[in-house]
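In this chain, numbering begins with 1 at the start of the sequence shown. Both backbone and side-chain heavy atoms feed into the values below; hydrogens, waters and symmetry mates do not.
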Amino acid sequence: MADFQIVRWRELTQADRGAWAAFRDAQSSLRSPYFDLGWFDAVDRARGDLFVARGTRRSGAVAFLAFHPGVLGVARPAGGTFCDWHGFVAEPGLAVEAGRALSGGPAAFRFEASPAGDPGFAAHADDRDISHTLDLSAGFEAYARPAVRAAPKAIANLRRAQRKLEADGRRVSYEIDDRSPETLAWLMALKSAQYRRSRHPDALAWDWSRRLIAALPEATPEMFGGVVSSLKIDGELAAAHLGLRSGGVMHHWLPTYEPSFASYAPGNVLAVEIARAKAPDGVVEIDLGPGDYPWKREFASGGTELIRGLAYAASPIGRAAGALGAAGRRWATLPVGPVASLPARVIGRVERTAAQWAAAPA
């Protein structure tokens, strides 16, 4: 059994970081860029509240869980709203007691996209999800024209869009590794406008989220970082995407497109061209993130199961939070109409409002 203590991210030693990297390299479930040390380094440069529950034995560190202290005592994953995958990074085969890991810190940890086999959270899962993926391990052509199944619908849609672009006499150009600051600024402005149109909080207007994007290094095949890609129609930006890369895995992260070009589906066209260009560059998988949405199914050739739930600390505050959570769930089952969901709605509103605030890095 490991002994856990809560430390700041920047207090991890080189031995800790070496153990983290070794655990990750040994387990395919941790290939996502969100488990790369580089992601957490970028988050730590953007926010001053990144902590780690570090589990140790005599041999050294054996488990880690990074988190931000959250509203009402409920911790959130590193990067908050922008973190699609999260969970324990632990020695292969190690069973982790999540309650024990949290006992010196937050009352609970809300996980929304952890690998199904997470050593600490699997026992606390109450829902499941999928993260659709593009399998490029045999190259782009094998993905686009598979021998044993139908081609992804996105490929047929691509051809349709290309025919329309050609019929309309449009000139199309791509920049898969677009290092122009103007492109990134354009992407963020359009993504913010998209958030506002859909009545979602504009997460890119927050100070810490802008610091996070600025803190991302440029990805290489060997180093974690961000990859900005763009598509232009007649010399005008029509779509752009900011993805994350770690080794052979890319994560589809922040896509956007100019609405006036919507009839050409420029965002979808760019997504396919990114896959085409990155397969020879060593990318073997593109992860589309949690959520079983139709557009993801159109692109996908595979998927990874994820779990959601709430783990409570094995501490007085954790037990109190657990009792309140149980009372809330019982309340939600009462035959009192919309009032039954009121506590959950209020808590959700508080959490979403608090997500925009974070301490500046020291």
Side-chain angles (χ1 to χ4, degrees), residues 33 38 42 82 84 134 136 140 143-144 152 154-155 157-166 168-198 202-205 209-221 223-246 248-283 285-289 295-296 298-299:
F82 292 93
D84 282 355
L134 283 67
L136 302 175
F140 177 79
Y143 158 74
I155 300 301
N157 293 342
L158 169 70
R159 297 183 184 121
R160 190 177 304 113
Q162 288 174 329
R163 287 195 296 270
K164 180 172 174 54
L165 286 162
E166 184 176 347
D168 291 349
R170 298 287 200 168
R171 293 180 295 105
V172 181
S173 61
Y174 307 96
E175 191 74 36
I176 302 302
D177 291 289
D178 191 333
R179 294 178 172 82
S180 166
E182 290 77 19
T183 299
L184 180 58
W186 181 90
L187 184 159
M188 293 177 68
L190 257 70
K191 196 68 179 177
S192 286
Q194 178 185 334
Y195 284 141
R196 293 192 297 270
R197 282 197 308 272
S198 59
D202 181 3
L204 290 178
S209 66
R210 290 182 171 272
R211 291 195 298 265
L212 172 60
I213 290 173
L216 292 173
E218 290 182 357
T220 70
M223 189 180 80
F224 165 87
V227 180
V228 177
S229 304
S230 62
L231 179 157
K232 290 183 178 180
I233 296 177
D234 295 337
E236 184 178 347
L237 278 167
H241 172 255
L242 171 57
L244 299 175
R245 179 176 183 178
S246 176
V249 178
M250 276 194 68
H251 192 91
H252 188 83
W253 196 34
L254 293 176
T256 193
Y257 67 92
E258 168 54 52
S260 63
F261 290 117
S263 63
Y264 300 110
N268 290 352
V269 172
L270 178 60
V272 174
E273 294 303 326
I274 291 171
R276 190 195 305 274
K278 285 301 179 182
D281 192 38
V283 171
E285 180 179 281
I286 296 180
D287 190 322
L288 301 178
W295 74 266
K296 293 185 180 184
E298 291 179 0
F299 278 88

Could you check whether any side-chain heavy atom of Ile176 comes within less than 4.5 Å of a side-chain heavy atom of Ile274, counting everything from C-beta outward?
yes

Measuring from atom OG of Ser192 to atom CZ of Arg197, what distance do you get when rounded to the nearest 0.5 angstrom?
10.5 Å

To the closest 0.5 Å, what do you measure between CZ (Phe261) and CG (Leu237)?
9.0 Å

In this structure, CG of Leu134 is separated from NZ of Lys278 (nearest 0.5 Å) by 14.5 Å

Give me the atom names and distance for the closest heavy-atom approach of Ala144 to Pro152.
O-CD, 4.2 Å

Walk me through it: do Asp281 and Arg245 pass the test salt bridge (charged side-chain N to carboxylate O under 4.0 Å, His left out)?
CA-CA 12 Å; Asp281 192 38; Arg245 179 176 183 178; 2.7 Å; yes

Measuring only between side-chain heavy atoms, which start at C-beta, is Ser229 closer than 4.5 Å to Tyr174?
no

With a 4.5 Å limit on heavy-atom distance, are the side chains of Leu204 and Phe82 in contact?
yes

Looking only at heavy atoms, what is the nearest atom pair of Leu136 and Ala275, with distance?
CD1-O, 3.9 Å

His252 versus Ala271, closest heavy-atom pair with distance
CE1-CB, 4.5 Å

For Val269 versus Leu158, what's the shortest heavy-atom pair and its separation?
CG1-CD1, 3.7 Å

Heavy-atom side-chain proximity of Glu175 to Lys232 below 4.5 angstrom
no

Do the ring planes of Phe140 and Tyr143 sit parallel (below 30°), tilted (30 to 60°) or perpendicular (above 60°)?
tilted

So which heavy atom on Pro266 is nearest to which on Tyr257, and how close?
CG-CB, 3.9 Å

Return yes when atom NZ of Lys191 has more than 12 non-hydrogen atoms of other residues, nucleotides or ligands closer than 6.0 Å, and no otherwise.
yes

Suppose we screen for salt bridge (Lys or Arg N to Asp or Glu O under 4.0 Å). Which residues come up paired with Glu258, at least two apart in sequence or across chains?
none

Of all heavy-atom pairs between Ser209 and Ala203, which one has the smallest distance, and what is that distance?
OG-O, 2.6 Å

Has Lys296 got a side-chain atom pairing as donor or acceptor with Gly289's backbone, closer than 3.5 angstrom?
yes

Straight-line distance of Leu165 CG to Leu231 CG, nearest 0.5 Å:
8.0 Å

Glu273/Val172 under side-chain contact (heavy atoms from CB on, under 4.5 Å): CA gap, chis, key distance, verdict:
CA-CA 12 Å; Glu273 294 303 326; Val172 181; over 6 Å; no

His241 side, atom NE2; Leu254 side, atom CG - distance, nearest 0.5 Å
7.0 Å

Taken to the nearest 0.5 Å, the spacing of Leu216 CG from Leu244 CG works out to 6.0 Å

Are Glu166 and Arg163 close enough, and set up right, to give a salt bridge (charged side-chain N to carboxylate O under 4.0 Å, His left out), and what steps lead you there?
CA-CA 5 Å; Glu166 184 176 347; Arg163 287 195 296 270; over 6 Å; no

Does Arg170 have any side-chain hydrogen bond (donor to acceptor under 3.5 Å, both in side chains) partners at least two apart in sequence or in another chain, and if so, which?
Asp234, Tyr264

